[in-house]
Number of protein chains: 2
Amino acid sequence: MPGPVQSIERAAAILRLLARGSGRLGVGEIAASLELAKGTAHGILRTLQGVGFVEQDRATGKYQLGAALLHLGSSYLDVNELRSRALNWADALAARSGEAVRIGTPLEGSVLVVHHVFRPDDTLQTLEVGALLPLHATALGKVLLAYDADLAARVQRGPLESFTRRTLVTAPALTRALAAVRDAGWAADVEECVPGEAGIAAPIRSSGGLVVGAIGISGAVERLCGARSRPDATLAGHVRDAARAVSRDLGAAR
Amino acid sequence: MPGPVQSIERAAAILRLLARGSGRLGVGEIAASLELAKGTAHGILRTLQGVGFVEQDRATGKYQLGAALLHLGSSYLDVNELRSRALNWADALAARSGEAVRIGTPLEGSVLVVHHVFRPDDTLQTLEVGALLPLHATALGKVLLAYDADLAARVQRGPLESFTRRTLVTAPALTRALAAVRDAGWAADVEECVPGEAGIAAPIRSSGGLVVGAIGISGAVERLCGARSRPDATLAGHVRDAARAVSRDLGAAR
DNA sequence: GACTCCGTTCGACAATGCCGACCGCGGCGC
DNA sequence: GCGCCGCGGTCGGCATTGTCGAACGGAGTC
């Protein structure tokens, strides 16, 4: 692997830092976080500012992410094959299930939401496209983990963050859950990420059979689950059908 | 201005190239477009791939934008003050006018859509957040041009692309239109960008009085315009009210 | 089967970006 | 009001770093 360009890696690190750290950061803070000389960080920031990837608050001198990134992000959506193939099926699934639909793909130890259909006939909901969800505490994430041993191993090495009292926080519990997912062909989470919310998801496979994403529904526990908090089998069937349809589309394209 | 880091500028150029050129590009094409050595382009691409900003199609070897950009883009939305202040007012405007609402800010000779509220109670619409619109052919863009002489001069130097037969394509026509916008305090476009579609927009000002964005509605000509294709005055009033409310919010925050 | 095209590798050169110390300024506290 | 401190920004020297161009290998094609 010849020459990973370090200035670009550093620039990317700065962008990620700005994305994580909610809000504006100063040159000093950035330099300290990344263990760079202040001057170095400044030079990179100026360049990023020049290309529109970061903006500077004239008043405070602090930096934040720039508008050009928004356009690049949305351009990614245009190109993303998983998303474009899944668009129609996601709408259909939302209509049939009456719940919000999300499509996720793995990104750096998280689930990246690449598509989101609001729950039909309902109130204000915030768009989650571009958001990162935890792998071990969502139905989407568990699907991705179940079919990617490598990813699963990496996640289990680190600590499993707890979001509610039902989050799976031990490696053995997660391993068992993933085995169950492989067995059933779909995954569920019941209040493991957000109290009162549940999700059901199934894998999307590309032509080679490789799992490249997941599609699932999420909503209130009462609607998604029957007695004893068991996910509704009919809904799970709809999710699986949608996932199969998308997979077929993806495979057929090649 | 010391040291604009060239490798980062080149990386940004590659990303923009991938965003423009719809679809996947090969190393050779990229290197040729940017007049770089193939090896150099390859090194940068490898680095961008490492940080998740580009992805490589295993089958063809070609490159496309990566998923990490989507997350950065959505993180930008979280930070963007213009958008967060405008969220509620945009919803209110959509409800009152019954039309789709968009909020735009200037970006590199275009209008970047930073927020989009669908037309209430309606069919499938595609989210346009992150999209770039022409400055001279949309109501949003004309507002931005009217209050930014610098930007207007730059746009008028270049050729004005024609989208419909009603697009303003000559500099004098545009200049007159912008004067009218300043006079009225709001702008409109009637089938200048998309046949059958019209738009009405008004400026959003920050604390200093500087125009930092625009908010507007868009929809079918029949609904937005009255007799003789003149924009409806009541709707224009709603748009202006919303713009003033957002401006007040922005100013008050400082 | 040979040709061509394309992504990838490699090594040498020097241009490049990095570093650390130095300015100017604004805010705070003494 | 004056001095101090912390901040973002600047500058120049050094060597690390990225760049270049040519050569490799595999896939698809005629």
Side-chain angles (χ1 to χ4, degrees), chain A residues 1-18 21 23-66 79 81 206-208 253-254, chain B residues 1-18 21-66 79 81 207-208 253-254:
Chain A
M1 187 160 77
V5 183
Q6 94 190 155
S7 55
I8 295 177
E9 285 185 329
R10 287 171 169 177
I14 288 179
L15 291 177
R16 272 207 286 272
L17 191 66
L18 287 171
R24 290 161 265 268
L25 291 175
V27 175
E29 303 172 79
I30 292 171
S33 298
L34 274 63
E35 295 179 348
L36 293 175
K38 224 177 6 174
T40 304
H42 180 241
I44 296 175
L45 281 168
R46 285 286 281 240
T47 310
L48 288 174
Q49 185 183 13
V51 297
F53 287 10
V54 305
E55 292 169 359
Q56 185 175 27
D57 187 333
R58 272 287 155 207
T60 66
K62 292 183 184 298
Y63 293 90
Q64 62 175 35
L65 294 179
V79 180
E81 191 161 359
S206 72
S207 57
R254 308 262 164 166
Chain B
M1 187 160 77
V5 183
Q6 84 180 173
S7 53
I8 295 177
E9 285 186 327
R10 288 172 167 178
I14 288 179
L15 292 177
R16 272 208 283 273
L17 191 66
L18 288 171
S22 49
R24 289 160 265 267
L25 292 175
V27 175
E29 301 171 80
I30 293 172
S33 297
L34 273 64
E35 296 179 346
L36 292 175
K38 226 176 3 172
T40 304
H42 177 66
I44 296 175
L45 282 167
R46 284 285 284 243
T47 310
L48 288 174
Q49 184 182 14
V51 297
F53 287 10
V54 305
E55 294 168 358
Q56 186 176 27
D57 187 331
R58 270 290 155 205
T60 67
K62 291 183 184 300
Y63 292 90
Q64 62 175 45
L65 294 178
V79 181
E81 191 161 1
S207 55
R254 305 262 163 165

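Naming: A, B, ... by sequence-line order, numbering from 1 per chain.
In this structure, T47(B) and V5(A) approach most closely via the heavy-atom pair OG1-N, 2.8 Å. Nearest approach of I8(A) to I44(B), heavy atoms of both residues: CD1-CG2, 3.6 Å. R10(B) and L34(B) make their closest contact through O-CD2, 4.1 Å (heavy atoms, listed as atom of the first residue, atom of the second, distance).
For K38(A), there are no side-chain hydrogen bond (donor to acceptor under 3.5 Å, both in side chains) partners two or more places apart in sequence or in a different chain. Here Q56(A) pairs with Y63(A) under the side-chain hydrogen bond (donor to acceptor under 3.5 Å, both in side chains) rule; sequence neighbours left out.
With rounding to the nearest 0.5 angstrom, the CG atom of L15(B) is 5.0 Å from the CG atom of L48(B).
Side-chain atoms of Q6(B) lie closest to dG17(C) of the nucleotides dG17(C), dG9(D), dG7(C). For V5(B), taking side-chain heavy atoms from C-beta onward, the closest of the listed nucleotides dG7(C), dC18(C), dG9(D) is dC18(C).
Per the geometry, CD1 belonging to I44(A) stands 12 Å off P belonging to dT17(D), to the nearest Å. Distance CD (Q49(A)) to P (dG9(D)): 8 Å, rounded to an integer number of Å. Q56(A) places its CD atom 12 Å from the C1' atom of dC7(D), with the value rounded to the nearest Å. Rounded to a whole Å, the CZ atom of R46(A) is 13 Å from the C1' atom of dC11(D). Residue L45(B) contributes atom CG, which lies 13 Å from atom C1' of dC6(C) at whole-angstrom precision. I14(B) places its CD1 atom 13 Å from the P atom of dG7(C), with the value rounded to the nearest Å. Per the geometry, CG belonging to D57(B) stands 15 Å off P belonging to dA27(D), to the nearest Å. Rounded to an integer number of Å, the gap from H42(A) NE2 to dG9(D) P is 4 Å.
E29(A) comes within 4.0 angstrom of no nucleic acid atom, judged by non-hydrogen atoms across all strands.
Separating the P atom of dA15(C) from that of dG11(C) is a span of 22 Å, rounded to the nearest Å.
Of the side-chain N and O atoms in Y63(A), one or more sit less than 4.0 angstrom from OP1 or OP2 of dG9(D).
A donor-acceptor pair under 3.5 Å is formed between the side chain of R16(B) and the backbone N or O of V51(A).
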List every contact pair, protein side and nucleotides 20-23 of chain D side both N or O, where the distance is under 3.5 Å.
unit_1: dC20(D); atom_1: OP2; unit_2: T40(B); atom_2: OG1; d: 2.5

